[in-house]
Number of protein chains: 2
Amino acid sequence: MIHLNLHDPRPMYEQVVDQMEMLAVRGVLEADSRLPSVRQMAMELSLNPNTVQKAYSELLNRGVIYSVRGKGNFVSSDCSRIRQQKLDEIRSAIARLIHQAHELGATTQQCNELLQSFMEVEQS
Amino acid sequence: MIHLNLHDPRPMYEQVVDQMEMLAVRGVLEADSRLPSVRQMAMELSLNPNTVQKAYSELLNRGVIYSVRGKGNFVSSDCSRIRQQKLDEIRSAIARLIHQAHELGATTQQCNELLQSFMEVEQS
DNA sequence: CTGAGTGTACTAAGCGTAATAGTACACTTG
DNA sequence: CAAGTGTACTATTACGCTTAGTACACTCAG
């Protein structure tokens with residue numbers, strides 16, 4: 001389910017968080033479906049249970065999952081809000097990049113052409 | 001010249017590198033002009049000389065500056081290549097973000113609208 | 001009820017990077 | 001020659017990531 005990349009400089013727990021979040025938001029993981037337990041996930045990924053616990057805590061913090069003591073961790077029922085939030089973050093990131101391009105001396109026209117190059121034609 | 005942000009999670013030397021690079025690429029720092037010495041810059045920024053040295057080493061590595069033993073560090077004469085390289089990185093970053101938006105379930109049309117929203121009208 | 005499995009919360013240790021501190025050496029310039 | 005410079009080390013401290021181990025409250029199947 002999760003694929004860890006040892007060459008990725010980011011910490012393991014962060015990779016787990018990002019991939020789980022993506023799976024939940026995309027609907028690959030059904031709402032209210034149960035996730036592997038902390039210990040089981042740790043076994044599968046060859047990680048320490050504490051590392052997985054840290055990832056689950058972060059996911060809980062972001063509202064992607066909810067925890068039930070003695071039962072397990074479950075996918076949150078409203079991931080659409082998370083999805084919209086992530087799209088907003090993407091929007092902000094692009095804004096920062098365009099601003100940075102301007103700082104590098106790119107003209108408005110050059111920035112427009114840059115953006116234009118990513119426009120795709122709709123398949124009919 | 002340089003402004004350090006203690007709340008920025010990135011290491012100090014990285015902040016120095018990025019800001020110096022931006023100043024050099026934008027032409028704020030003239031080509032072949034001399035930079036503050038390692039020790040002087042360390043004084044100004046309240047950093048250890050070693051930290052500044054690390055930043056200068058990275059800038060040397062990127063081709064932004066060149067060093068002359070016993071004389072000082074100087075702004076590289078051809079920063080246009082660096083500028084183009086940074087613009088290419090911005091292009092790649094936007095590509096990744098658009099790809100991420102698609103992964104989040106955004107349609108091609110929604111991505112186009114997102115890009116369109118950053119298009120600016122040329123001032124005449 | 002009992003025991004296995006679960007989430008959760010600690011402490012301790014090892015490891016790597018960032019940063020500071022100090023020293024040393026080769027070089028350039030006045 | 002002396003001051004200032006780049007450069008290269010070592011040692012130390014601090015912090016975050018990770019592993020390891022333990023402990024406790026809870027749920028559920030038996």
Side-chain angles (χ1 to χ4, degrees), chain A residues 1-21 24 29 31-77, chain B residues 1-21 24 29 31-77:
Chain A
M1 187 155 85
I2 303 288
H3 179 65
L4 294 181
N5 180 7
L6 298 177
H7 300 84
D8 193 322
R10 296 181 309 163
M12 298 298 174
Y13 85 92
E14 203 171 307
Q15 295 186 40
V16 175
V17 168
D18 286 353
Q19 292 187 39
M20 296 279 293
E21 186 178 55
L29 297 175
D32 298 310
S33 64
R34 186 176 171 280
L35 298 177
S37 75
V38 172
R39 295 170 178 81
Q40 184 181 345
M41 175 74 87
M43 281 288 296
E44 291 176 6
L45 301 180
S46 298
L47 290 179
N48 189 281
N50 289 333
T51 304
V52 178
Q53 166 68 14
K54 184 164 188 176
Y56 278 19
S57 292
E58 177 60 24
L59 287 168
L60 180 66
N61 199 284
R62 295 192 191 180
V64 179
I65 67 176
Y66 61 91
S67 293
V68 183
R69 227 193 159 84
K71 298 189 69 174
N73 292 280
F74 303 85
V75 178
S76 179
S77 47
Chain B
M1 186 154 84
I2 303 287
H3 179 66
L4 295 181
N5 181 7
L6 297 177
H7 302 84
D8 193 322
R10 296 181 309 163
M12 298 299 173
Y13 84 92
E14 203 171 308
Q15 294 186 39
V16 174
V17 168
D18 286 353
Q19 292 187 39
M20 295 279 294
E21 186 178 55
L29 296 176
D32 298 311
S33 64
R34 187 176 169 279
L35 298 176
S37 76
V38 171
R39 295 169 177 83
Q40 183 181 347
M41 175 75 86
M43 281 289 295
E44 291 176 8
L45 301 180
S46 298
L47 290 179
N48 190 280
N50 289 334
T51 305
V52 178
Q53 165 70 13
K54 185 166 186 175
Y56 277 19
S57 291
E58 177 60 24
L59 287 169
L60 179 67
N61 200 284
R62 294 191 190 181
V64 179
I65 67 176
Y66 61 92
S67 293
V68 183
R69 226 191 161 87
K71 298 188 69 174
N73 291 280
F74 303 85
V75 178
S76 179
S77 47

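The sequence lines fix the lettering, A, B, ..., with proteins before strands; numbering per chain opens at 1. Everything numeric here is computed off the predicted structure, so don't read it as measured data. What you see below is based on every heavy atom in this structure, not just the backbone, and it leaves out hydrogens, waters and symmetry mates.
Counting to the nearest Å, the P atom of dT5(D) and the CG atom of Leu35(B) are 13 Å from each other. In this structure, Gln40(B) places its CD atom 11 Å from P of dG4(D), rounding to the nearest Å. dT19(D) atom P lies 14 Å from atom CE of Met43(A), rounded to whole Å. In this entry the distance linking CZ of Arg10(B) with P of dG16(D) reads 18 Å, nearest Å. The distance between atom CG of Leu47(A) and atom P of dA20(D), rounded to the nearest whole Å, is 10 Å. Distance, Lys54(B) NZ to dC9(D) P: 15 Å, rounded to whole Å. If you measure from atom CZ of Phe74(B) to atom C1' of dT5(D), you get 10 Å, rounded to the nearest angstrom. Atom CG in Leu4(A) sits about 15 Å away from atom P in dC17(D), given to the nearest Å.
When the salt bridge (charged side-chain N to carboxylate O under 4.0 Å, His left out) test is applied to Glu21(B), the partners found at least two apart in sequence or on another chain are Arg62(B), Lys86(B).
With Val52(A) as the partner, the side-chain contact (heavy atoms from CB on, under 4.5 Å) test is satisfied by one option alone out of Met41(A), Met12(A), Gln40(A): Met41(A).
At the heavy-atom level, Arg34(B) lies under 4.0 Å from the strands shown only through sugar-phosphate atoms. Using a 4.0 Å heavy-atom distance criterion, Tyr56(B) is classed as making no nucleic acid contact.
The side-chain heavy atoms of Asp32(A) and Tyr66(A), taken from C-beta on, include a pair separated by under 4.5 Å. Proximity of Leu35(B) to Tyr56(B): side-chain heavy atoms (C-beta onward) are separated by under 4.5 Å at one or more points. Two residues are said to be in side-chain contact when any heavy atoms from C-beta on lie closer than 4.5 Å; Ser57(B) and Lys54(B) fail this criterion. Counting only heavy atoms from C-beta outward, the side chains of Val64(B) and Met20(B) never approach each other to under 4.5 Å.
Interface limits on DNA chain C: the 5'-most and 3'-most nucleotides within less than 4.0 Å of chain B heavy atoms are dA18(C) to dT29(C).
Residue Thr51(A) is the one, among Thr51(A) and Gly70(A), whose nearest nucleotide of DNA chain D lies closer to the 5' end (criterion: closest heavy atom).
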For the pair Val75(B) and Arg34(B), evaluate side chain to side chain contact (heavy atoms under 4.5 Å, CB included) and give the outcome as yes or no after the intermediate values.
CA-CA 7 Å; Val75(B) 178; Arg34(B) 187 176 169 279; over 6 Å; no
